[in-house]
Each structure stands twice: as structure tokens, then as C-alpha cells.
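Proteins get letters first, then strands, A, B, ... in listed order; numbering begins at 1 in each.
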Number of protein chains: 2
Amino acid sequence: MKLPSPCSDTEDYTARQWDTRAECEVRQVLDRIADKWSLLVLALLDRRTLRFTELRRSIDGVSPRMLTSTVRQLERDGLVERTVYPVVPPRVEYRLTPLGVSLHDMVQSLVTWTEEHQDEIAAARDEYDRKAAESAY
Amino acid sequence: MKLPSPCSDTEDYTARQWDTRAECEVRQVLDRIADKWSLLVLALLDRRTLRFTELRRSIDGVSPRMLTSTVRQLERDGLVERTVYPVVPPRVEYRLTPLGVSLHDMVQSLVTWTEEHQDEIAAARDEYDRKAAESAY
DNA sequence: CGGTATCCCTTTAGATACTG
DNA sequence: CAGTATCTAAAGGGATACCG
């Protein structure tokens, strides 16, 4: 995803001027946690060290290309630590950094919010779809 | 975005079994707040009612197609309320529902997390890029 | 004013074969 | 084992013209 972002020119998120820089920090974090596999990796590495193939087997449907790309981005952002052991066959281990743990905690509270409100959302959707269906006649 | 999701088969997010249903609630909420324009709309409607054109003018670069799609999804999820006044020319107003306010609060705490850790992330990236650059030689 | 409809392009992700 | 390379498919989003 690109441009616009909930970054304000001031310190206040609710300010009226919106930043459209791709560099916006909030947007970047959001893009990271919202991508298709990052959250799974973050959760699997919670209090646990896993190797590449272990991650791959634990995440149903991920291709080696996407898993590599995902862990590399997480590593680049300082959320995951990658350790290469110079042995044959190669052994590479992944674990969360303290920053990764912190983000995982943040995500947990989003999960909690979702659990608390999923019924409301579902009800809203049902009503919306029902009204849409009846006005189609 | 599609399939996999940080939904467990149990109540516990940290459980080991991962759900790959597109219906996962967490994934749906994440997809909503991570899309390109929803967060901007949510923030602009904070404590404020705005008309379609007002939103459009406030969000730099949004096309009518995307703005319509964005507010419709937010409305369907019960986050935004859309009120049509049967006058000519038409008048349509958007405002947050209590659920929308609640999600906006949740997002605010993500913003806060990001502000608190953006220096760490930036430092990690710099180091990663620096190492990548030097190992390229 | 508040949208829809249409077309097109870019980004993202999946499949698969291959390698140090 | 832990990836990389290449190709393809699909989703997301932009531009623009038009309509009730």
C-alpha cells in the first residue's frame, strides 16, 4: 500500500492536516502487521525460537518466497532476530526481539478489541446486507 | 487480502493451531483499518459530521470511486453512519457510530505505540541496510 | 451533490524449479 | 536446509466520464 497516512503535521493524530508521505510511521507499522503473513510469524515466535522450515510447516499455504520476504521485513524492522549457524546443512533460527514482543502485545490488544466487538460488527453487516437485499426489489 | 489469519481454534490467540478462514474476525478488522483510506475517514469523522464532498476535499488524492467504496465498507461494518437527506441537490452526511469511536480509540493506541518505538524501528532499519550494503562488496 | 460505470495499471502474492 | 529466481495470476487502486 502506498501514500496517505494517518500522520498529522502536529503531534495530534486528530489534527486536520494529513500527511501523504509514504514514510509515515503509523502507515508503515500498519502495513507490516496487516500483510498476509507477518502476524502469523509474530504469533508463532511468541516465547519460542523456530527454524525456517518449522515456520513454513506451521503456516499453512505459505510459499518459501513469501516466508522469506516476510521474515526479512520483520528482521529489518527490528522485530525478529535471525541467527545463522554456519553448519551443513544450514541452520537458521528466528526469534522475537523485545521490540517484536512489544508489537505482539499491541496486536494482542487489537485482538481483544475485535473479540469484544465482533458481534456488533456481525450484526451491523447482517442489517446492512438485509437492507441492501430488500431495496434491490 | 485473503486467507490466513491470527485466529486460533481456541480462545487463545497464542495457540498453535492457525485458522486459514477468510472469515477470521481479526483479519477482517485489520484489513479494514489497513486499507488505504479507512483510517483517514475514521480520523476525519472524529467528533465531526462531514458530507461526501467535504471528505473528498479533505483527503488528498482520493477518487470518488475509492471514497465511496471506503465509506460503504465502514458503514457496512457499523463504524460509520450514513444519513441521506432527500433534498435537491442531495445532502449525505457521515459520522462515526459509537463502535467507530471505539475502533478509533484502539487505533490511537497503535499510533501511540508507533510514536514510542519509531526510533527503534528506524535504527534497526538503518543497521540492517548498512550491513546489507557492506556485505554487497 | 453524491455518487456509478468502465477501463487500465500497479502491486502483491502464488507456483514452481533450482542452488549453495 | 534455507533459501533464490522466474513467471504468472489476482487483487487493489487510479483516472475519467457520466447520471439521477
Side-chain angles (χ1 to χ4, degrees), chain A residues 1-5 20 22 27-28 30-41 44-45 49-76 80-95 132 135-136, chain B residues 1-5 20 22 27-28 30-41 44-45 49-76 80-95 132 135-136:
Chain A
M1 187 174 323
K2 279 306 161 41
L3 291 176
S5 39
T20 50
R27 174 64 58 188
Q28 288 180 26
L30 218 40
D31 285 350
R32 184 68 53 249
I33 66 174
D35 78 13
K36 195 166 176 179
W37 307 106
S38 292
L39 237 51
L40 279 327
V41 172
L44 282 167
L45 294 181
T49 294
L50 290 177
R51 299 175 63 175
F52 187 85
T53 305
E54 291 172 333
L55 277 173
R56 193 180 167 186
R57 274 196 285 260
S58 302
I59 304 177
D60 190 48
V62 73
S63 66
R65 191 178 83 87
M66 289 313 296
L67 183 54
T68 300
S69 152
T70 300
V71 293
R72 287 292 195 286
Q73 301 224 71
L74 293 171
E75 185 194 2
R76 179 170 184 265
V80 159
E81 186 183 314
R82 175 172 175 269
T83 310
V84 181
Y85 298 93
V87 294
V88 259
R91 176 182 191 89
V92 180
E93 289 184 350
Y94 295 91
R95 56 186 286 271
S135 71
Chain B
M1 188 175 324
K2 277 309 160 41
L3 291 177
S5 38
T20 51
R27 173 65 58 190
Q28 288 181 24
L30 218 40
D31 284 351
R32 183 68 52 251
I33 67 176
D35 78 14
K36 195 167 177 177
W37 306 108
S38 291
L39 237 50
L40 277 327
V41 172
L44 282 166
L45 293 181
T49 294
L50 291 177
R51 300 175 62 174
F52 186 86
T53 305
E54 291 172 333
L55 276 173
R56 191 179 168 186
R57 273 195 287 260
S58 301
I59 303 177
D60 190 48
V62 73
S63 67
R65 191 177 82 87
M66 289 314 298
L67 184 55
T68 300
S69 152
T70 300
V71 293
R72 286 294 194 284
Q73 302 225 70
L74 293 171
E75 186 195 3
R76 178 168 184 266
V80 159
E81 185 182 315
R82 176 171 175 269
T83 311
V84 182
Y85 297 93
V87 295
V88 258
R91 177 182 190 88
V92 179
E93 288 184 351
Y94 295 91
R95 55 186 284 271
S135 70

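- Listed by first then second residue, pairs satisfying side-chain hydrogen bond (donor to acceptor under 3.5 Å, both in side chains) with a partner in residues 65-76 of chain A read A:Arg32-A:Gln73, A:Arg76-B:Asp129, not counting sequence neighbours.
- A straight line from CE of B:Met66 to P of C:dG2 spans 19 Å, rounded to a whole angstrom.
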task = Kindly determine whether A:Leu45 and A:Leu74 satisfy side chain to side chain contact (heavy atoms under 4.5 Å, CB included), including the steps that lead there.
result = CA-CA 12 Å; A:Leu45 294 181; A:Leu74 293 171; over 6 Å; no

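- Side-chain contact check for A:Arg56 versus A:Val62: some heavy-atom pair is nearer than 4.5 Å.
- Heavy-atom distances under 4.0 Å link DNA chain D to A:Pro89, A:Pro90, A:Arg91, A:Val92, A:Tyr94 of residues 83-94 of chain A, given in residue order.
- Proximity of B:Ile59 to B:Trp37: side-chain heavy atoms (C-beta onward) are separated by under 4.5 Å at one or more points.
- Listed pair A:Thr53 / D:dC1 fails the phosphate criterion, with no side-chain N or O lying under 4.0 Å from OP1 or OP2.
- Rounded to an integer number of Å, the gap from B:Gln73 CD to D:dG13 P is 9 Å.
- Nucleotide D:dG13 holds its C1' atom 13 Å from the CZ atom of A:Arg27, rounded to whole Å.
- Within the 4.5 Å cutoff, side-chain heavy atoms of A:Val92 are placed close to those of A:Arg82.
- A residue-by-residue look at B:Gly61 and A:Arg57 shows that A:Arg57 has its nearest nucleotide of DNA chain D further toward the 5' end.
- Protein atom CG of B:Asp31 is 13 Å distant from nucleotide atom P of D:dA11, rounded to whole Å.
- Between B:Asp35 atom CG and C:dT11 atom P the separation is 18 Å, expressed in whole Å.
- Between B:Arg56 atom CZ and C:dC1 atom P the separation is 10 Å, expressed in whole Å.
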Shorter than 3.5 Å, N or O on both sides, protein versus nucleotides 4-6 of chain C: list them out with atom names.
from: C:dT4; atom 1: OP1; to: B:Arg72; atom 2: NH2; distance (Å): 2.9

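- Rounded to an integer number of Å, the gap from CZ of A:Arg32 to P of C:dT12 is 10 Å.
- Taking the side chain as every heavy atom from C-beta outward, A:Ile33 and A:Ser38 never approach each other to under 4.5 Å.
- Atom CG of A:Leu55 and atom CG of A:Leu40 lie 10.0 Å apart (nearest 0.5 Å).
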inquiry  = Is there a side chain to side chain contact (heavy atoms under 4.5 Å, CB included) between B:Glu93 and B:Tyr85? Walk through the geometry before answering.
reply    = CA-CA 8 Å; B:Glu93 288 184 351; B:Tyr85 297 93; 3.3 Å; yes

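- Side-chain nitrogen and oxygen atoms of A:Arg51 include none within less than 4.0 Å of the OP1 or OP2 phosphate oxygen of D:dG3.
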request  = Take B:Thr49 and B:Tyr94 through the test side chain to side chain contact (heavy atoms under 4.5 Å, CB included) and record every step on the way to the result.
outcome  = CA-CA 6 Å; B:Thr49 294; B:Tyr94 295 91; over 6 Å; no

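- When the C1' atom of D:dG14 is taken as reference, atom NZ of B:Lys36 falls 8 Å away, rounded to whole Å.
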